[in-house]
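Input: a single structure, listed below in structure tokens.
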Amino acid sequence: MGSKVKLFFPFSLVMLIGLILPVIVMVIAGFQGMDGGFTLSNYTTIFTQNYYRMAIFNSLWISLIAGIIGLVISILGAWAITRLAERTQNILIILFNLAASFAGIPLAFSLIIVFGNAGIAKALAHALHIGFLGNFSIYSLQGLILAYTFFEVPLGILFLYAPMKEIKKEWFEAAVVLGANRSFFIKTIILPILLPNIIETFIILFANAMGTYETMYALTGNNFISIPIVIGSLIDGSLNANVPLACALATIFAAVMAILVLVGNRIINRKRK
Amino acid sequence: MRAHSVDKWLPRLIIILIAIFLLGPIVATFIYSISTVWVKTILPSGLTFKWYGVLTADPDFIPSTLRSLILAVAVVLITMLVFLPVIFYANVYNPKLKEKLRYLSILPYSIPGIVLVTGLVQLYGSLPVPKLLILILTISAICLPAFYQSLNNAFMGDDFQGMFEQAQLLGDSKLGAFVRVVLPNIRAGLMVGLLLTFTTAFTEYVITNIFLTGQYETLKIYMYRLMNTNGNAASVLTIIFFIFLGIIAFILIKIVSSQKRSVKE
């Protein structure tokens, strides 16, 4: 018994102090007013005031678009990797890991150098008279979606690579022998096999975009209204700080994401069986 | 024959396009970091390494790097000393616990940094507690899923229970058996897990910045400040940061490919 305590006590302590207690307190605090009494006003505020509804809408919208774009490109990318030499595959996977970890402030800054107001894209657009490039703003919704693809694509590739690798070349050859053409093969054999992984990857890309704070903050400060940015501005200790309200918003976020990921897992596991 | 040649060039083309897309901004940042001036022109006015000198001479550069390093080393130590034994136990002795640990993988997506830091501010914001220590515990907790997953494969295949118990029969203590018999056999997975943990802790931004209200200026927080004050120096820092991540990626490639080779032999 003694050694089990020695094993689990430090583990539980780290998880409790670092993660579990803060999350429990956050959920409770969402039902408290600034004075500490019980109230539902934080939740009614979030669901009735336009500002918070807009934050929720913006977050859902940007994550949906970034998720779809990320998914499409990473399906192509993951497929392409599996067609290359084994050694190249291993190297590429780690390089995509590197690309995914470049997210946040360094990514935002790199994009500002290219697409910012004094950036290269603007200079090119001006010199070559390319209107749409000159009008493109990295600080806008479109700009943020572009920025998100820089980590959504590598992340999607990392999740789709392993299942894509399971698909054997011989299956296609066998299908051809049996008279199938490429598109029939993809539609009736590959898609049903990969569909659970594609759904799972989309949920992860969506959730990852929903929770992205650093990249958005580094690009737009507190100007773009989204769930993470609103939470950030409510807890940063400034004049309009309202931590209980932030707790309610964060609780909604965590609950919705947990349900989404768990339900996704459930669907996927059933499909796999 | 035509289908075969499409099979050859199409994957390469896709990967090259994705690589150009992902690397483009980094290449631009590098050129920016060696430019004298590069504002509203297609090419920089001239090239120079002076911004590298400006950054390294900045008195805040080394301290902020050290702060990130302290954070990362502390988190790696906790991961090694606290998490590793539990993961070993779950994998070798307790499949039920292992089943539960599987749910850790949804953690980073349902509780991202911005959500977790809200709980931290609410719970500890006005308490007289050592916030840096709590920050270290929190970052350790969020590193657990990736660390756990990197180790998962390492415990498959070999009979670790047998090895561990035989070593103890031969007179080793539990700790001794673990260090001498178990650790060498999970070396590769452990290294990958620790490097990922180190990188996550070293590059953490949102929790550190908001929970410690910018008081503990890590490399990322310094980078953000620099970005708004001296763009050229910030581009140098971004490049150094990228090279640092690249070195870690290179070590990972070495570990993974040597592991693959030894499996083949």
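Naming: A, B, ... by sequence-line order, numbering from 1 per chain.
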So which residue, [options], ends up with the most heavy-atom pairs under 4.5 Å with chain B?
options	answer
A:Val261, A:Ile120, A:Val114	A:Ile120
A:Gly30, A:Ala29, A:Pro154, A:Cys247	A:Cys247
A:Ile93, A:Thr251, A:Ile227, A:Ile91	A:Ile91
A:Tyr217, A:Phe9, A:Phe151	A:Tyr217
A:Ile113, A:Leu84, A:Ile231, A:Thr149	A:Ile113
A:Ala99, A:Ala218, A:Pro244	A:Ala218

Chain B contact via [X] - side chain, backbone, both or neither, heavy atoms under 4.5 Å:
X	answer
A:Ile24	neither
A:Ile157	side chain
A:Ala103	backbone
A:Ile112	side chain

When rounded to the nearest 0.5 angstrom, what is the spacing between [atom1] in [X] and [atom2] in [Y]?
X	Y	atom1	atom2	result
A:Leu95	B:Leu22	CG	CG	10.0 Å
A:Ser110	B:Ile239	OG	CD1	6.5 Å
B:Leu195	A:Asn97	CG	CG	11.0 Å
A:Gln32	B:Gln122	CD	CD	6.5 Å
B:Leu252	A:Asn90	CG	CG	12.0 Å
B:Ile255	A:Ile94	CD1	CD1	8.5 Å

Option that, when pairs with chain A are counted at under 4.5 Å, heavy atom only, ranks first among [options]:
options	result
B:Leu107, B:Ile210, B:Val27	B:Ile210
B:Phe83, B:Phe250, B:Phe211	B:Phe83
B:Thr29, B:Leu196, B:Ile114	B:Ile114

Sort [X] into side chain, backbone, both or neither according to what part of it lies under 4.5 angstrom from a heavy atom of chain A.
X	answer
B:Ile18	side chain
B:Leu245	both
B:Ser140	side chain
B:Ser235	both
B:Tyr224	both

(request) Could you tell me if the ring centre of A:Phe206 sits under 6.0 Å from that of B:Tyr109? (result) no

Check whether any side-chain heavy atom of [X] lies under 4.5 Å from a side-chain heavy atom of [Y], and answer yes or no.
X	Y	answer
B:Lys220	A:Pro106	yes
A:Tyr213	B:Asn209	no
B:Ser110	A:Phe253	no
A:Leu7	B:Val86	yes
A:Phe11	B:Ile78	no
B:Leu116	A:Met26	no
B:Val206	A:Glu214	no

(request) Tell me the residues of residues 10-17 of chain B whose non-hydrogen atoms fall below 4.5 Å from those of chain A, in number order. (result) B:Leu10, B:Pro11, B:Arg12, B:Ile14, B:Ile15

(message) Closer than 3.5 angstrom, by distance alone: can the side chain of B:Thr138 be matched with the main-chain N or O of A:Gly18 as a donor-acceptor pair?
(response) yes

(message) Suppose the criterion is ring pair (Phe, Tyr, Trp, His ring centres under 6.0 Å): which pairs have a residue in residues 77-124 of chain A, not counting sequence neighbours?
(response) A:Phe102-B:Phe242, A:Phe115-A:Phe136

(request) Please name the pair of heavy atoms, one in A:Ala254 and one in B:Ile111, separated by the smallest distance, quoted to 0.1 Å. (result)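 Minimum heavy-atom separation between A:Ala254 and B:Ile111: CB-CG1, 4.5 Å.
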
(request) Determine, stepwise, if the pair A:Met257 / B:Val115 fulfils side-chain contact (heavy atoms from CB on, under 4.5 Å). (result) CA-CA 11 Å; A:Met257 284 306 135; B:Val115 169; over 6 Å; no

